[in-house]
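Reviewing the structure listed below.
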Amino acid sequence: MEEKTIPEYLQEVEEAPLSTKEQLENFRLLWLSKKGILPNLFTKMKDIAADKRKEFGQEINRLKELAEQKFEAAREHIETSAIKTKNAGLDISLDGMPINTGSLHPLTIIRNRMVDIFAGIGFTVAEDVDIVDDWHNFTALNIPTDHPARDMADTFFISQNPDIVLRTHTSPVQIKLMETQQPPIRSVMPGRVYRKDSDATHSPNFHQMEGLYVDEGVSFSDLKQTLFYFVEEMFGEGTEIRFRPSYFPFTEVSAEMDILWKKVNSQTGKEEPAWLEVLGCGMVDPNVLENCGIDSNRYTGFAFGMGIERIAMVKYNIQDIRLFYENDLRFLRQFVGE
Ligand code: PHE
């Protein structure tokens, strides 16, 4: 290796390029590593004349200090700028990103509200399975074999003979309650039901909440009063409703209840008042009570069944039932429930 004077070495260290990792490593190899210039100079100490040795020693120590200082400073600089590049665009003083907590589906909000209203006047909640046998969905409810609800076009059959079906209403829960309990029975039954039915106000899978009250002396006026109370709690005082005489195989007398809502006229786009059927109701047919082992001479009862979707459509003025099932966040985010 060509010999240089210490001042020459000092100048070289001073001017060494040290801005990349590679240059840093080359510098280390050249000056500081075991076979580098500095250790080499220290081994030379012993060849220096005794009277010059002290001075030489001081000079190479200065060189060593400078080389180490330059190396450390350059290393630190390269490391911190690497961190800066990695974090470019990250501002740790900014607020955190909000975490979306989601919200209840409008049908859940309405269902909870309905349950609350009836719970306030002493109704308990009863729920059961969606797949039921012929007895619980039809026969115990006085629905004869030639009834249209039993048609393949109306009902989803899982198997036939014996018939197993997706329940077409939540009335099977009423049957199970009456089979297993004696009056007084006062419950609502919310749940999914299935019918082959599909348009703007019908869906093959929708939700119902039925209610049942069986005791001594229950009358049709109790039924009307209960439903009046429900409607005013749900939609506010003065909401207009009407009862129409109707027919159900499992109630005698039977009625349907409509609510006056604002329907958008598809031709003019304007809102017009219109009646929307929201529920069926009536006095439980004595045969049905007897089918379940309840003495129809002693007890009477009323029952009603309403579509949760229909109640939600009136409450929020939603024109098309299919909006509930599309899971479009722009729709779902508009509802706030407890
Ligand atoms: N079960 C009937 C239906 O699904 C509703 C109803 C329930 C009607 C109770 C009268 C009494 O349509």
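Just so it is clear, the structure is predicted and the values come from calculations on it, not from any experiment. Each ligand, and each atom within it, is numbered from 1 in the order the structure gives.
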If you look at each N/O of ligand 1, which protein N/O atoms lie under 3.5 Å away, and at what distance?
| unit_1 | atom_1 | unit_2 | atom_2 | d |
| --- | --- | --- | --- | --- |
| ligand 1 | 1 (N) | His169 | ND1 | 3.0 |
| ligand 1 | 1 (N) | Ser171 | OG | 3.1 |
| ligand 1 | 1 (N) | Glu210 | OE2 | 2.8 |
| ligand 1 | 4 (O) | Arg195 | NH2 | 2.7 |
| ligand 1 | 4 (O) | Gln208 | NE2 | 2.8 |
| ligand 1 | 12 (O) | Arg195 | NH2 | 3.4 |

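For residues 106-153, the ring pair (Phe, Tyr, Trp, His ring centres under 6.0 Å) pairs, not counting sequence neighbours, are Phe118-Phe123, Phe118-Phe230, Phe118-Phe304. Applying the side chain to side chain donor-acceptor pair (under 3.5 Å) rule to pairs touching residues 319-328 yields Glu309-Tyr325, Asn317-Gln319, Asp320-Arg322, Asp328-Arg330, sequence neighbours excluded.
Remark: Phe243 engages no residue in a ring-ring contact (aromatic ring centres under 6.0 Å, His included) (not counting sequence neighbours).
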Would Glu256 and Arg244 count as a salt bridge (charged side-chain N to carboxylate O under 4.0 Å, His left out) here? Give the steps. CA-CA 5 Å; Glu256 274 168 324; Arg244 284 177 289 107; 3.1 Å; yes

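Panel note: side chain Thr5, backbone Glu8; a donor-acceptor pair is recorded below 3.5 Å.
Aromatic ring centres of Tyr9 and Trp31 lie closer together than 6.0 Å.
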